[in-house]
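Since this is a predicted model, take the numbers as computed values, not measurements. Index from 1, following the sequence.
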Amino acid sequence: MWMYNLLIGLFIISCCESRRNALQDYQTTNGIGLTGTPAAPFRLSRRKMSVAKCAKTCSRAKRFPFICRAFVYDHRNRKCQWLSFDRNSHAVVLSQDDSNYQLYQKKDYVRECIVGTGVNYRGERSVTVGGIRCQTWASPLPHEHKFMSKKYRKNDLRDNLCRNPDNSTVGPWCFTTDPRPHLRYQDCGIPQCSQVECVSCNGEDYRGPMDHTQSGKECQRWDLQEPHKHLHHPKSFQDKGLDDNLCRNPDGRHMPWCYTTDPHTPWEYCHIKVCDTARESNVVETTVCSQGRGENYRGTVDMTPTGLTCQRWDAQYPHTHTFTPQDYGCKDLRENYCRNPDGQESPWCFTTDPRVRTMSCTNIPQCGVQNSQAAEGEMELRLELDGSPSGAPGDWRENALQLHG
Ligand SMILES: *[C@@H]1O[C@H](CO)[C@@H](O)[C@H](O)[C@H]1NC(C)=O
């Protein structure tokens with residue numbers, strides 16, 4: 001009989017878990033480690049295994065005498081340490097960690113927001129939205145209820161923590177410690193992940209916790225190549241916040257997006273709260289020169305270094321495109337001026353030549369370049385521009401002059 005059960009078990013595991021990488025359920029944290037105590041058990045792997053295998057083992061709770069909430073992966077030795085605790089547990093000591101070790105914690109336990117009804121919420125909140133302390137689930141006082149039954153064991157009805165064992169649409173809730181009948185239960189007001197941080201402009205700065213697309217699909221982790229192979233590896237885009245499987249905008253699309261775990265949908269935008277007021281920004285806009293990649297260049301150069309006139313951003317001729325002034329409200333896509341709305345190396349534009357779709361406006365001088373270098377740049381530009389059919393545009397000259405004071 002046990003053999004039969006084992007075979008059924010193996011079948012279920014191989015058939016249904018193969019598609020989805022168990023790592024999807026974890027939040028990666030750098031720079032902190034968790035230390036166990038006798039009250040908080042952990043278990044070490046004997047064999048070497050991949051990080052995905054560690055995650056899979058942790059998620060298959062039956063392997064342990066405890067519920068696995070997190071694991072530490074040792075990248076050098078390819079071993080893992082499964083933990084019965086996470087950073088919210090009382091028994092835990094936080095410590096600075098070695099870069100060879102990475103901590104993965106189950107999102108359901110450490111994240112204080114929900115997606116959908118929050119039926120898997122395993123967080124630590126124990127107060128209702130009205131500020132009333134929750135009743136302990138195992139107790140019939142002050143309110144009697146059905147959730148003491150064994151049937152609800154898998155819902156993690158620990159202590160008096162907010163949970164959603166009946167998948168109520170209000171989200172995680174609890175019975176309250178207020179005996180008055182009309183306050184029998186109350187929801188806990190745990191926010192939707194799409195609401196805890198807002199998006200301004202096109203959301204390149206968004207670093208919030210949303211991890212589902214606008215049609216409700218789960219996002220694919222940026223550090224995985226399944227189900228979709230892609231080039232947005234976190235190591236190649238270090239300043240873009242490509243954490244776990246969170247919605248981000250590393251490449252100047254209209255808003256944060258992600259690859260999806262649906263093999264038939266490569267990527268989709270995410271629906272996230274929009275900020276009421278544009279966030280205060282300390283970036284300095286420049287008009288006579290381009291700082292860094294020139295994302296804040298607001299000058300009026302409207303010609304490429306080869307003398308081609310730029311196409312107006314609000315026009316779809318000769319080139320059709322998605323960089324419309326409406327969709328990029330913070331990018332100042334005025335007239336046909338060179339701009340960098342999508343994090344390219346420098347400001348650019350679509351050109352009015354049907355054969356040349358886009359070109360970098362490297363004729364805009366770099367800010368803060370030393371005089372001699374700027375002079376050299378000017379020489380090169382002059383040569384290039386002299387050779388072009390339409391002659392030199394006025395702007396670069398003006399810019400150069402202003403730059404030199
Ligand atoms: C919870 O309810 C939602 C609809 O409100 C449904 O889509 C979802 O499948 C339910 N989840 C579970 C685990 O019952």
Item checked: Steps toward side-chain hydrogen bond (donor to acceptor under 3.5 Å, both in side chains) verdict (Asn155, Trp137) -> CA-CA 11 Å; Asn155 295 98; Trp137 292 99; over 6 Å; no

Item checked: Thr309 and Asn336: CA distance, side-chain angles, deciding distance, side chain to side chain contact (heavy atoms under 4.5 Å, CB included) verdict -> CA-CA 8 Å; Thr309 302; Asn336 60 339; 3.7 Å; yes

Next item on the list: Please assess Cys367 against Cys289 for the test disulfide bond (SG atoms under 2.5 Å apart), listing each intermediate value before the final yes or no.
Entry: CA-CA 5 Å; Cys367 299; Cys289 56; 2.0 Å; yes

Margin query: Please determine whether side chain to side chain contact (heavy atoms under 4.5 Å, CB included) holds for the pair Thr29 and Gln105, giving the CA-CA distance in whole Å, both sets of side-chain angles, and the decisive distance to 0.1 Å.
Written below: CA-CA 8 Å; Thr29 316; Gln105 302 177 95; 3.5 Å; yes

Next item on the list: Could you walk me through whether Asn21 and Glu226 pass side chain to side chain contact (heavy atoms under 4.5 Å, CB included), step by step?
Entry: CA-CA 8 Å; Asn21 191 312; Glu226 59 181 346; 2.7 Å; yes

Note to self: Would Trp222 and Trp267 count as a ring pair (Phe, Tyr, Trp, His ring centres under 6.0 Å) here? Give the steps.
What the structure shows: CA-CA 12 Å; Trp222 297 100; Trp267 71 276; over 10 Å; no

Margin query: Could you walk me through whether Phe350 and His321 satisfy the ring pair (Phe, Tyr, Trp, His ring centres under 6.0 Å) test, starting with their C-alpha distance in whole Å, then the side-chain angles of each, then the deciding distance to 0.1 Å, before giving a yes or no?
Written below: CA-CA 9 Å; Phe350 294 101; His321 64 92; 4.4 Å; yes

Checklist line | side chain to side chain contact (heavy atoms under 4.5 Å, CB included) between Val115 and Asp211, intermediate numbers included | finding: CA-CA 8 Å; Val115 173; Asp211 62 0; 3.6 Å; yes

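Here Arg334 does not pair with Asp314 in a salt bridge; the nearest charged N to carboxylate O distance is not below 4.0 Å. Electrostatic pairing of Arg180 and Asp178 counts as a salt bridge here, judged by a charged N lying under 4.0 Å from a carboxylate O. Ion pairing between Arg20 and Asp25 holds under the 4.0 Å rule for side-chain N and carboxylate O. A salt bridge does not link Arg125 with Glu112: none of the charged nitrogens is closer than 4.0 Å to a carboxylate oxygen. Arg312 and Glu335 are joined by a salt bridge, as a carboxylate oxygen and a charged side-chain nitrogen come within less than 4.0 angstrom of each other. Taking 4.0 Å as the cut-off between side-chain N and carboxylate O, Lys217 and Asp262 count as a salt-bridged pair.
Proximity of a side-chain donor or acceptor of Arg253 to a complementary backbone N or O of Pro250 within less than 3.5 Å is not detected. At least one donor-acceptor pair under 3.5 Å links the side chain of Asp74 to the backbone N or O of Arg76. Looking at Gln135, its side chain does come within 3.5 Å of a backbone N or O of His143 through a donor-acceptor pair. Counting only distance, with no hydrogens or angles, the side chain of Thr320 and the backbone of Gln316 share no donor-acceptor pair below 3.5 Å. Between the Trp82 side chain and the Cys54 main chain, a donor and an acceptor come within less than 3.5 Å of each other. With hydrogens and angles ignored, the 3.5 Å screen pairs a side-chain donor or acceptor of Thr351 with a backbone N or O of Val356. With hydrogens and angles disregarded, no donor-acceptor distance shorter than 3.5 Å links the side chain of Arg47 to the backbone of Lys79. Without hydrogens or angle criteria, Gln366 side chain to Gly292 main chain gives a donor-acceptor distance under 3.5 Å. No donor-acceptor pair closer than 3.5 Å links the side chain of Gln102 to the backbone N or O of Val72. The backbone N or O of Cys68 lies less than 3.5 Å from a partner atom in the side chain of Lys106, making a donor-acceptor pair.
The distance from atom CG of Asp244 to atom OH of Tyr104, rounded to the nearest 0.5 Å, is 8.5 Å. Between the NZ atom in Lys56 and the OG atom in Ser59 there is a gap of 10.0 Å [rounded to 0.5 Å].
Not less than 2.5 angstrom separates the SG atom of Cys219 from that of Cys247. Cysteines Cys258 and Cys270 have SG atoms no closer than 2.5 angstrom.
A centroid separation of less than 6.0 Å is found between the aromatic rings of Trp173 and Phe147. Residues Phe323 and Tyr328 bring their aromatic ring centres within 6.0 Å. Between Tyr101 and His75, the ring center distance fails the sub-6.0 Å criterion. Aromatic ring centres of Tyr26 and Phe71: separated by under 6.0 Å.
Residues Gly118 and Asn164 approach most closely at O-CB, 3.8 Å, considering heavy atoms. Among all heavy-atom pairs drawn from His319 and Asp353, the shortest one is NE2-O, 3.0 Å. Between Asn363 and Met303, the closest heavy-atom pair is ND2-O, 2.8 Å. For the pair Gln220 and Leu224, the tightest heavy-atom approach, listed with the atom from each and the gap, is NE2-O, 3.0 Å. Counting all heavy atoms, side chain and backbone alike, Lys331 lies closest to Arg339 at O-CD, 3.7 Å. Of all the heavy atoms in Asp327 and Asn202, the pair that sits closest is O-ND2, 2.9 Å.
No more than 12 heavy-atom neighbours from other residues, nucleotides or ligands sit within 6.0 angstrom of CZ on Arg133. Counting non-hydrogen atoms of neighbouring residues, nucleotides and ligands closer than 6.0 angstrom, the NE2 atom of His271 reaches no more than 12 such neighbours. Within 6.0 Å of atom CG in Leu44, more than 12 heavy atoms from other residues, nucleotides or ligands are found, so the atom counts as buried in its surroundings.
Paired with Cys174 under the rule side-chain contact (heavy atoms from CB on, under 4.5 Å), one option of Leu157, Asp187, Thr128, Asn160 passes, and it is Thr128. The side-chain contact (heavy atoms from CB on, under 4.5 Å) test with Ile114 singles out one residue from Cys193, Pro172, Ser194, Cys188, and that residue is Pro172.
Put simply, the side chain of Arg298 does not reach to within 4.5 Å of the side chain of Thr286, judged on heavy atoms. The side-chain heavy atoms of Arg78 and Ser45, taken from C-beta on, include no pair separated by under 4.5 Å. The closest side-chain heavy-atom distance from Ser84 to Arg69 is not below 4.5 Å. Within the 4.5 Å cutoff, no side-chain heavy atoms of Gln291 are placed close to those of Val284. Looking at Thr260 and Glu218, their side chains never come closer than 4.5 Å, going by heavy atoms from C-beta outward. Proximity of Cys310 to Cys338: side-chain heavy atoms (C-beta onward) are separated by under 4.5 Å at one or more points. Under the 4.5 Å side-chain criterion, counting only non-hydrogen atoms from C-beta, Arg248 is in contact with Tyr206. Between Glu295 and Gln344 the shortest side-chain heavy-atom distance does not fall below 4.5 Å.
Of the N and O atoms on the side chains of Thr304 and Thr306, at least one donor lies less than 3.5 Å from an acceptor on the other residue. Donor-acceptor pairing under 3.5 Å is recorded for the side chains of Asn245 and Lys107.
Classification of the Phe64-Phe66 ring pair by plane angle, with boundaries at 30° and 60°, yields parallel. Classified by interplanar angle (parallel below 30°, tilted 30° to 60°, perpendicular above 60°), the ring pair His232/Phe237 is tilted.
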